[in-house]
> 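Here's a structure for you.
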Amino acid sequence: MTTLNGHSTRPTADSILNSLHAADQLAELHDAPPAWETPAPLGQRGELPPFPVHALPSWVAEHVSAVAEETQTPLDLAGCVSLAALSTAAGGRAVVNVRGSWVEPVNLFVLVAMPPGSRKSAVFRAMTAPLVHAEAVLLSRIGPQITEAEVSRRLAEDLAEKAARAASTAHGEAAAEAIAEAQSAALAVEGIKIPVKPRLMADDVTPETASSILVEQGGRLAVLSAEGGIFATLAGRYSGTPNLDFFLKGHAGDPLIIDRRGRSERVDQAVLTMGLAVQPEIITDIATMPGFRGKGLLGRILYSLPKSNVGYRKVDSPTVPEHVAAQYDTNLQRLTIGMHEWEDPARLVLSSEAAELFTEHRRVTERRLRPDSGDLGHITDWAGKFDGAVMRLAGLIHLAGRIEDGWRHPISAETVNAAIALGQYFIAHALATFDAMGADPDLEAARTVHAWLQRTSTTRFTLREAFTALPRSRFRKVAELETPLDLLEQLGWIRREPEPPRTGPGRRPSPAYAVHPSLHQHAA
């Protein structure tokens with residue numbers, strides 16, 4: 001027996017048990033899984049990028065930044081409305097000759113989703129006020145012509161009416177001459193055309209009314225609104241049946257023929273702009289509206305889902321500097337009025353450097369469209385129009401940068417780079433938007449599994465147990481669960497347990513998963 005300073009060092013039974021217990025605790029700590037981190041929401045693709053205001057011409061970018069600061073709203077709201085305003089000014093009056101027969105009109109459909117109380121209306125007014133001013137200027141210029149034509153027509157109608165009465169009472173040889181005079185007077189009435197009052201914008205309007213206004217305006221119109229009621233109207237709120245053709249043709253610049261009782265109206269190129277600021281609930285609503293995705297309307301819209309800063313706003317933010325507001329008002333009016341008289345659209349071309357840059361950009365886009373590996377493979381209805389949208393953005397940036405003579409100069413590589421930057425912003429927001437709409441089948445499958453775990457308060461499960469419990473109509477094979485489970489694991493909702501060592505022949509045990517504790521807490 002060993003001694004130390006005369007005392008026995010033989011271990012007692014209690015000390016042996018304590019040592020064994022401590023060893024077990026150390027082993028448990030060593031083998032314990034890492035602590036759970038906060039899981040990411042389903043559908044979240046990381047922080048969405050902010051609006052690239054630097055891609056806009058300086059006079060637009062300065063006003064966007066100043067309005068966002070004064071109203072304490074994200075740059076996205078004012079930035080997207082500014083693009084809709086530029087589209088209103090130039091849409092239908094310019095096209096981009098991309099290559100060969102590929103031509104893109106420079107009109108846009110833009111939608112920003114923000115919650116109530118986000119000051120959408122205030123931003124809309126600030127960014128579209130110059131369009132209202134330009135409309136008033138155009139009306140003042142043509143007003144005297146309208147008055148003159150109206151007076152001339154009334155006088156001609158009086159003469160035609162007198163000539164018709166005279167012809168009806170004439171007899172003999174005088175009758176033929178009187179009839180000829182009546183016919184001539186009637187033709188004179190028809191020959192007097194009263195100019196149409198200029199109209200740039202509409203708000204709460206039905207497709208039928210909007211199409212009539214567009215035809216009257218030579219094939220151009222903008223629907224701008226701080227609400228989303230137009231979608232309910234398109235879905236058939238008044239007519240009972242969806243009516244999307246006008247908006248589909250208006251985005252593409254296709255011919256439009258309207259048959260009314262007793263008359264027919266036609267424009268060879270109908271060009272429509274749409275700029276809306278809606279509540280987030282509208283995003284999920286329009287995904288379920290009949291025909292909206294199937295007919296391609298949702299694939300034509302540039303989406304923006306900025307993060308709300310309500311609750312974190314300054315109450316004493318600086319107002320928009322007068323010189324910034326004045327420059328924006330002046331330049332947007334100049335662009336609008338200067339291009340208003342263009343009947344045959346100005347044709348914009350790319351410089352050789354810009355064309356090469358855009359070709360490389362298209363190669364990248366094409367790879368992203370692959371159904372098996374591309375991040376845009378599940379939204380090809382939107383992404384298939386993405387490169388065309390980039391060219392439309394390039395055309396607008398070019399015209400806004402050269403207000404007086406943009407049509408005389410080719411679009412530069414710098415402008416195409418700016419348009420691509422805007423395009424990448426809209427891609428990220430489109431992916432988030434279509435996730436919210438349920439467009440990604442893998443994400444929807446993951447949501448189904450997530451809902452089952454939450455509903456049943458499951459703390460641990462195997463792959464086979466999940467397959468048995470979940471609807472067979474949703475998962476027909478065990479292999480169909482692998483992708484959604486991988487996605488849930490990447491987002492931190494579940495954790496795959498190490499496979500236990502095999503002790504003999506036979507089938508491998510089914511993979512097992514631990515479930516994030518927050519799901520149990522939520523269910524409780």
Side-chain angles (χ1 to χ4, degrees), residues 44-89 108-131 224-226 273-280 283 301-329 331-332 389-390 392-394 396-397 400-401 415 417-433:
Q44 179 170 309
R45 297 174 177 268
E47 194 77 16
L48 288 174
F51 186 86
V53 68
H54 62 274
L56 300 173
S58 59
W59 62 272
V60 182
E62 289 176 5
H63 194 249
V64 166
S65 299
V67 169
E69 180 65 22
E70 178 181 323
T71 59
Q72 287 295 285
T73 53
L75 286 169
D76 313 61
L77 180 55
C80 287
V81 179
S82 75
L83 291 174
L86 292 175
S87 176
T88 303
L108 303 174
F109 284 8
V110 184
L111 182 152
V112 188
M114 293 192 69
S118 297
R119 299 171 178 167
K120 297 187 291 290
S121 297
V123 173
F124 242 88
R125 285 193 298 271
M127 301 309 298
T128 60
L131 298 175
L224 306 178
S225 176
T273 289
M274 183 173 72
L276 304 176
V278 303
Q279 296 183 16
I283 295 294
I301 301 173
L302 299 178
Y303 301 93
S304 174
L305 304 178
K307 186 177 180 180
S308 174
N309 59 352
V310 173
Y312 299 91
R313 299 174 294 193
K314 300 176 185 176
V315 297
D316 56 349
S317 57
T319 59
V320 177
E322 289 186 10
H323 71 278
V324 171
Q327 184 182 43
Y328 178 76
D329 186 274
N331 286 347
L332 187 55
V390 169
R392 294 179 183 218
L393 290 166
L396 290 175
I397 295 171
T415 296
N417 260 329
I420 290 174
L422 282 166
Q424 296 306 320
Y425 164 86
F426 283 118
I427 274 188
H429 285 253
L431 285 168
T433 300

> Go through the steps to decide whether L108 and T273 satisfy the test side-chain contact (heavy atoms from CB on, under 4.5 Å), and finish with yes or no.
CA-CA 5 Å; L108 303 174; T273 289; 5.7 Å; no
> Report, one line per pair, each donor and acceptor closer than 3.5 Å where one atom sits in a side chain of residues 418-425; sequence neighbours left out.
| from | atom 1 | to | atom 2 | distance (Å) |
| --- | --- | --- | --- | --- |
| Q424 | OE1 | R368 | NH1 | 3.2 |
| Y425 | OH | D76 | OD2 | 2.6 |
| Y425 | OH | S304 | OG | 2.5 |

> Report yes if the side chains of C80 and F51 come closer than 4.5 Å at any heavy-atom pair, otherwise no.
yes
> Minimum heavy-atom separation for S65 to L75, with atom names?
CA-CD2, 3.8 Å
> What pairs with T433 under side-chain hydrogen bond (donor to acceptor under 3.5 Å, both in side chains), at least two apart in sequence or on another chain?
none
> Under 3.5 Å, sequence neighbours excluded: what are the donor-acceptor pairs made by side chains of residues 321-329?
| from | atom 1 | to | atom 2 | distance (Å) |
| --- | --- | --- | --- | --- |
| Y328 | OH | M127 | O | 2.7 |
| D329 | OD1 | Q333 | NE2 | 2.6 |
| D329 | OD2 | H133 | ND1 | 2.6 |

> Does any part of the side chain of S87, heavy atoms only, come nearer than 4.5 Å to the side chain of L396, both counted from C-beta?
yes
> Taking ring pair (Phe, Tyr, Trp, His ring centres under 6.0 Å) as the definition, give me every residue that meets it alongside F426, ordered by chain and number, with sequence neighbours left out.
none
> State which residues pass salt bridge (charged side-chain N to carboxylate O under 4.0 Å, His left out) with K307; sequence neighbours excluded, sorted by chain then number.
none
> Considering only residues two or more places apart or on different chains, which pairs with a residue in residues 63-73 satisfy salt bridge (Lys or Arg N to Asp or Glu O under 4.0 Å)?
E69-K314
> Taking side chain as C-beta onward, heavy atoms only, is L224 less than 4.5 Å from L131?
yes
> Nearest 0.5 Å, what's the CG-OH distance between L276 and Y303?
10.5 Å
> Only counting residues at least two apart or in another chain, list the ones meeting side-chain hydrogen bond (donor to acceptor under 3.5 Å, both in side chains) with T128.
none
> Which donor-acceptor pairs under 3.5 Å do the side chains of residues 110-125 make with protein atoms, sequence neighbours left out?
| from | atom 1 | to | atom 2 | distance (Å) |
| --- | --- | --- | --- | --- |
| S118 | OG | P115 | O | 2.6 |
| R119 | NH1 | T71 | O | 2.8 |
| K120 | NZ | M114 | O | 3.4 |
| K120 | NZ | P115 | O | 3.3 |

> Treating H63 as the side-chain partner and S58 as the backbone partner, does any N or O pair qualify as donor plus acceptor under 3.5 Å?
no
> Any side-chain to backbone donor/acceptor pair from W59 onto A400? Under 3.5 Å, distance only.
yes
> Please test L86 against L332 for side-chain contact (heavy atoms from CB on, under 4.5 Å), starting from the C-alpha separation and ending with a verdict.
CA-CA 7 Å; L86 292 175; L332 187 55; 4.0 Å; yes
> If every non-hydrogen atom of T415 is compared with every non-hydrogen atom of A394, which pair is closest and at what distance?
CG2-O, 3.4 Å
> Please identify each residue that fulfils side-chain hydrogen bond (donor to acceptor under 3.5 Å, both in side chains) with T88, with sequence neighbours left out.
none
> Closest approach of I397 and A55, non-hydrogen atoms and distance?
CD1-O, 3.8 Å
